[in-house]
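To keep things clear, I will list the structure first and then write my remarks on it.
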Protein chains: 2
Amino acid sequence: MVSLLPIDESEAADVCTPVAKEALPADEAVALAARLKALAEPARLRLLSVIAAHEGREACVCDLTEPVRLSQPTVSHHLKILVDAGFLTRHRRGAWAFYALVPGAVDELSAVLRTAVDVRSG
Amino acid sequence: MVSLLPIDESEAADVCTPVAKEALPADEAVALAARLKALAEPARLRLLSVIAAHEGREACVCDLTEPVRLSQPTVSHHLKILVDAGFLTRHRRGAWAFYALVPGAVDELSAVLRTAVDVRSG
DNA sequence: GCCACAGATCGACAAATGTCGATCCGGTGG
DNA sequence: CCACCGGATCGACATTTGTCGATCTGTGGC
């Protein structure tokens, strides 16, 4: 029903939505997917894990290239993505750049994920 | 330290690991990243959400193309990815293919994610 | 001032990913 | 049997993504 794929603009103004519960809005889906994309990479998961295992939950780049077996530019690239997504913070100490876990970031993401996608049997 | 990026095979046999806690093993990271990748896409998040909002937590493809505004082949493609990742099941009923949520899948993923990456302050 | 080193950025490149139209498959109903 | 409809698969294509070597930036020591 509803034809196949009209995508005509005439239905843009839907006064009353016949759908029972509205799904994830497109912009929310994009935002959530962006954060998930930051985690959906083996190297980045391992980077987070290595940092979490370090004392003080922080590490500099030179401590990270060897465990993940990647070049320094590649590690820097992944770290930037994790910082931009809010999972890490960066602060310089002397010549080194230290990356530290943002404490509740992963927890909060998984909570949002559950409420946005799964049961929500309200 | 440890030089820059040797990647020589001589250290493959590490009898005693000097690292305090071992990070995510590479294969585990790949497996977890694969499941996260399946969710890290706006269209797929919305598909899951639309299915979750349907009565009986299941829907056929014809009910899904319109909410996500994508062509039928693209929707089928995304659904296959979600099935392969274990978030949906597919079963035919007459001419239609019904996709249903796997109840605890997202919950379990977020639990694994937390324990694998985040605090684990043990 | 200059050199050495940690790290970021750039440019290039291969591989993976999202999207669609066209086509193929498989039930339903005439 | 044939037409039709829901859905899967295929082939093509543009975009994104991961990776690296080369280079730039910036900090500290001499």
Side-chain angles (χ1 to χ4, degrees), chain A residues 1-7 26 29-30 33-48 50-51 54 58-85 88-100, chain B residues 1-7 26 29-30 33-48 50-51 54 58-85 88-100:
Chain A
M1 49 294 292
V2 83
S3 85
L4 252 306
L5 240 200
I7 315 195
V30 170
R35 285 201 285 171
L36 285 168
K37 256 187 233 286
L39 294 184
E41 224 284 335
R44 292 197 283 271
L45 289 174
R46 299 191 76 200
L47 285 172
L48 288 179
V50 170
I51 294 174
H54 258 241
E58 66 176 15
C60 59
V61 179
C62 60
D63 293 331
L64 297 172
T65 57
E66 177 261 334
V68 298
R69 290 306 186 85
L70 290 173
S71 73
Q72 174 264 316
T74 302
V75 170
S76 274
H77 169 65
H78 287 310
L79 290 172
K80 175 170 171 45
I81 290 176
L82 289 170
V83 168
D84 290 348
L88 291 179
T89 57
R90 190 190 97 107
H91 52 102
R92 292 193 82 107
R93 201 150 60 223
W96 295 272
F98 280 80
Y99 288 85
Chain B
M1 50 291 290
V2 83
S3 85
L4 250 307
L5 239 200
I7 313 194
V30 170
R35 286 202 283 172
L36 285 168
K37 257 188 231 286
L39 294 183
E41 226 284 333
R44 291 198 282 272
L45 289 174
R46 300 191 74 200
L47 285 172
L48 287 179
V50 170
I51 294 175
H54 258 241
E58 64 175 17
C60 58
V61 179
C62 60
D63 293 331
L64 297 173
T65 57
E66 178 261 335
V68 298
R69 289 307 186 85
L70 290 173
S71 73
Q72 175 264 314
T74 302
V75 171
S76 275
H77 169 65
H78 286 310
L79 290 173
K80 175 170 171 46
I81 289 176
L82 289 170
V83 169
D84 290 348
L88 292 178
T89 56
R90 190 189 97 106
H91 52 100
R92 294 193 81 106
R93 199 149 63 222
W96 296 270
F98 279 81
Y99 288 85

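Below, chain A is the first sequence line, B the second, and so on; all start at residue 1. All values below come from the heavy atoms of this structure, side chains included, with hydrogens, waters and symmetry mates left out. These numbers come from a predicted model, not from an experiment.
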Closest-nucleotide 5' rank along DNA chain C - winner of R90(A) and A43(B): R90(A)
5' precedence on DNA chain D between A95(B) and G94(A) (nearest-nucleotide basis): A95(B)
Terminal helix-axis angle for the helix from dG1(C)-dC30(D) to dG30(C)-dC1(D), with five pairs defining each axis and rounding to 10 degrees: 20°
Side-chain N or O of T74(A) closer than 4.0 Å to phosphate OP1/OP2 of dT19(D): no
Touch class at under 4.0 angstrom, heavy-atom based, for R93(A) against every strand present: nothing
pair V68(B)-T74(B): side-chain heavy atoms closer than 4.5 Å: no
5′-ward residue of the pair H77(A)/W96(A) relative to DNA chain C: W96(A)
Rounded distance in Å - CD (E58(A)) to C1' (dA6(C)): 16 Å
Side chain to side chain, L47(B) and L88(B), heavy atoms closer than 4.5 Å: no
For atom CG of L70(B) and atom P of dT19(C), their distance in whole Å: 5 Å
Atom-to-atom span, CG of L82(A) to P of dA8(C) - whole angstrom: 12 Å
Between P of dG26(C) and CZ of F98(B), the distance in whole Å: 20 Å
Main-chain N/O of A38(A) paired to R44(A) side chain as donor or acceptor, under 3.5 Å: yes
Length of the line joining R92(B):CZ and dA8(D):C1', which is rounded to integer Å: 9 Å
Rounded distance (Å) that lies between atom C1' of dT16(D) and atom CD of E41(A): 13 Å
d(CG, L45(B); P, dG18(C)) in whole Å: 11 Å
Touch class at under 4.0 angstrom, heavy-atom based, for Y99(A) against every strand present: sugar-phosphate
Side-chain donor/acceptor of Q72(A) to base of dA6(C), under 3.5 Å: no
Spacing of L48(A) atom CG and E41(A) atom CD [to the nearest 0.5 Å]: 11.0 Å
Sugar-phosphate, base or nothing in reach of H78(A), heavy atoms under 4.0 Å: sugar-phosphate
Candidate nucleotides dG21(C), dT9(C), dA8(C), ranked by approach to the side chain of P73(B) - the nearest: dG21(C)
Gap between atom CG of L70(A) and atom NE2 of H78(A) - 0.5 Å precision: 5.5 Å
Contact summary for Q72(B) and T65(B), nearest pair of heavy atoms: CA-CG2, 3.8 Å
Atom-to-atom span, NE2 of H91(A) to C1' of dA6(C) - whole angstrom: 15 Å
For the student: nearest non-hydrogen atoms of I51(B) and Y99(B), plus distance: CG2-O, 3.7 Å
